[in-house]
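Everything below concerns the one structure shown next.
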2 protein chains.
Amino acid sequence: MSASDRGRPRRKRPGLTRERIAEAALELIDSEGLDALSMRAVGQACGVRAMSLYRHVTNKDDLLDAVQAAMVAEMNFAALSGPWLAQLEGAAREFRRVLARHPEAIPLFTRPAATQRAFAAVEQVWQVLVDAGFSQLDALRAFQSLLAFVVGQALWQFTPEGARPVDDEFEFGLGCMLTGLELRLAQADAPPT
Amino acid sequence: MSASDRGRPRRKRPGLTRERIAEAALELIDSEGLDALSMRAVGQACGVRAMSLYRHVTNKDDLLDAVQAAMVAEMNFAALSGPWLAQLEGAAREFRRVLARHPEAIPLFTRPAATQRAFAAVEQVWQVLVDAGFSQLDALRAFQSLLAFVVGQALWQFTPEGARPVDDEFEFGLGCMLTGLELRLAQADAPPT
DNA sequence: CGACATAAGCTTACGGTGTAAGTATATGTC
DNA sequence: GACATATACTTACACCGTAAGCTTATGTCG
């Protein structure tokens with residue numbers, strides 16, 4: 001860098017932010033439903049005309065990704081501790097907790113989701129599996145399976161409007177999945193009987 | 001009923017049918033993607049203007065339900081036989097086979113899906129679980145868990161355009177789930193050690 | 001201080017959507 | 001042949017995502 005490096009990126013009057021937009025959009029989804037989410041509606045919620053959003057978001061899909069990221073940000077995987085099974089269980093429940101809080105937004109987790117924040121969260125849970133002794137590949141498989149179950153389960157359970165009384169079904173499936181994983185690991189650890 | 005009960009329902013010139021419409025829609029989804037599915041496009045595919053579809057379908061959502069039903073009709077659960085675990089495995093794979101054939105249509109299984117045909121299919125697999133020894137409630141839980149996994153898994157695996165090389169991930173998760181179920185059943189059968 | 005570059009937000013416009021409402025037409029029954 | 005009715009068509013409306021261009025406030029620097 002020469003002497004004239006003062007020209008680094010400076011923010012002027014943000015007013016709108018990608019994050020604030022996503023937040024407004026999420027509130028709108030919660031209150032009006034995913035179908036009711038339009039660029040115009042989000043704009044209005046931000047006190048702005050629809051087209052102004054495009055300064056901070058490349059298109060509606062990008063906005064949805066941002067909303068998804070906002071939801072991921074609500075999850076707290078940092079507090080996980082204890083044996084790996086308990087950690088996994090905790091992660092799944094934490095995920096589900098956020099989904100339950102935003103039932104209308106669950107379909108957003110249907111997309112590949114290339115958000116940076118999402119990726120970080122994935123890696124963290126993945127690491128738990130690796131530390132437990134799974135191969136990197138199996139850890140990925142296990143993670144994806146668990147994720148598929150949690151999201152798929154939430155998709156149906158929370159669809160009507162309110163959740164069904166309890167989450168027996170979730171606990172049942174989660175238990176099965178975790179038991180299966182445990183067994184898989186045990187067998188991999190001691191292949192020759 | 002008096003003597004004039006001859007006015008019973010008679011079909012005239014169907015031409016369009018709910019089933020034919022759904023079929024056309026499914027082909028359109030396969031070739032153009034789910035987002036490209038519009039009432040006008042479906043109409044055109046049927047050689048008809050968009051509004052004509054509304055005689056056989058109450059609205060677009062209903063059409064999507066019909067498409068889902070068409071996909072369920074492609075599944076063949078009748079050939080299942082053998083021990084319950086194998087039957088379950090077969091059902092899951094059969095489900096997945098159809099999803100893989102219509103990757104763009106997978107999100108349709110995200111909805112509650114109150115189709116009659118879907119319900120029949122559900123009941124059939126559910127019966128396998130009941131026959132295996134699960135309580136009616138546990139059978140439902142097990143079924144839902146499995147379904148959630150299969151659909152969730154397919155949602156991500158088939159999203160880009162083609163499926164990823166193999167379905168290791170699916171087999172891995174399915175194996176875990178089934179192992180978990182097996183253990184659950186065994187424990188329930190012999191609770192007091 | 002004044003000129004300027006830049007980014008934030010605004011305006012307008014276009015092609016597309018789902019579908020409400022009303023209209024024409026072919027068909028099966030008397 | 002007359003009629004009832006299901007089938008398909010036409011028109012119209014409000015809304016959608018977003019391309020293109022414009023206005024205006026802001027921070028920088030001569």
Side-chain angles (χ1 to χ4, degrees), chain A residues 1-26 28-29 31-68 104 107-108 111, chain B residues 1-26 28-29 31-68 104 107-108 111:
Chain A
M1 312 295 180
S2 70
S4 64
D5 62 343
R6 51 245 162 88
R8 84 185 64 92
R10 308 154 180 279
R11 44 210 66 201
K12 301 204 168 177
R13 340 133 258 173
L16 283 190
T17 320
R18 184 182 166 90
E19 283 74 22
R20 294 208 330 103
I21 291 174
E23 217 171 304
L26 181 52
L28 232 151
I29 292 173
S31 59
E32 309 285 337
L34 188 55
D35 290 342
L37 189 84
S38 70
M39 297 303 279
R40 286 168 171 86
V42 175
Q44 188 168 12
C46 295
V48 136
R49 313 295 242 227
M51 289 309 291
S52 305
L53 303 173
Y54 285 85
R55 284 281 148 189
H56 307 88
V57 146
T58 74
N59 53 31
K60 192 181 182 181
D61 262 19
D62 187 37
L63 195 171
L64 294 181
D65 279 352
V67 173
Q68 197 218 39
E104 294 283 347
L108 294 185
R111 44 187 52 221
Chain B
M1 313 290 183
S2 68
S4 62
D5 63 342
R6 52 248 161 82
R8 85 184 64 92
R10 305 154 183 280
R11 43 209 67 201
K12 301 205 168 176
R13 341 131 257 172
L16 283 189
T17 322
R18 183 183 166 88
E19 283 73 22
R20 294 210 328 105
I21 291 175
E23 218 171 303
L26 181 52
L28 232 151
I29 292 172
S31 60
E32 308 286 337
L34 189 55
D35 290 343
L37 189 84
S38 70
M39 297 304 280
R40 286 167 173 85
V42 174
Q44 189 168 12
C46 295
V48 135
R49 312 294 241 229
M51 289 310 290
S52 305
L53 303 172
Y54 284 86
R55 282 283 145 187
H56 308 88
V57 146
T58 75
N59 51 34
K60 191 181 182 182
D61 262 20
D62 187 37
L63 195 171
L64 294 181
D65 279 352
V67 173
Q68 196 218 38
E104 294 284 348
L108 295 185
R111 44 187 51 223

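Because the structure is a prediction, the values reported are computed rather than measured.
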Once salt bridge (Lys or Arg N to Asp or Glu O under 4.0 Å) is applied, what residue pairs with a partner in residues 53-66 of chain A remain, sequence neighbours excluded?
A:Arg18-A:Asp62, A:Asp61-A:Arg111, A:Asp65-A:Arg111
Give a yes/no answer on whether the side chain of B:His56 brings an N or O atom under 4.0 Å of OP1 or OP2 in D:dA6.
no
Return the 5'-most residue of the pair A:Asn59, A:Arg55 with respect to DNA chain D, ranking by each residue's nearest nucleotide.
A:Asn59
A:Arg18 CZ - C:dA8 C1' separation (whole Å)
17 Å
Would you indicate which nucleotide in D:dA8, D:dG17, C:dG9 comes nearest to any side-chain atom of A:Lys60?
D:dG17
State, to 0.1 Å, how close B:Ser52 and B:His56 come at their nearest heavy-atom pair, and which atoms those are.
O-ND1, 3.9 Å
Heavy atoms of A:Cys46 and A:Ala24 approach each other most closely as SG-CB, 3.7 Å
Who are the side-chain contact (heavy atoms from CB on, under 4.5 Å) partners of B:Gln44, not counting sequence neighbours?
none
All side-chain contact (heavy atoms from CB on, under 4.5 Å) counterparts of A:Arg40, not counting sequence neighbours:
A:Ser38, A:Ala50
In whole angstrom, what separates B:Asp35's CG from C:dG18's P?
11 Å
Numerically ordered, the residues 37-53 of chain B set in heavy-atom contact under 4.0 Å with DNA chain D is B:Arg40, B:Val48, B:Arg49, B:Met51, B:Ser52
Rounded interatomic separation in angstrom, taking OH from A:Tyr54 and C1' from C:dT11
15 Å
Partner set under side-chain contact (heavy atoms from CB on, under 4.5 Å) for A:Arg20, not counting sequence neighbours
A:Leu16, A:Thr17
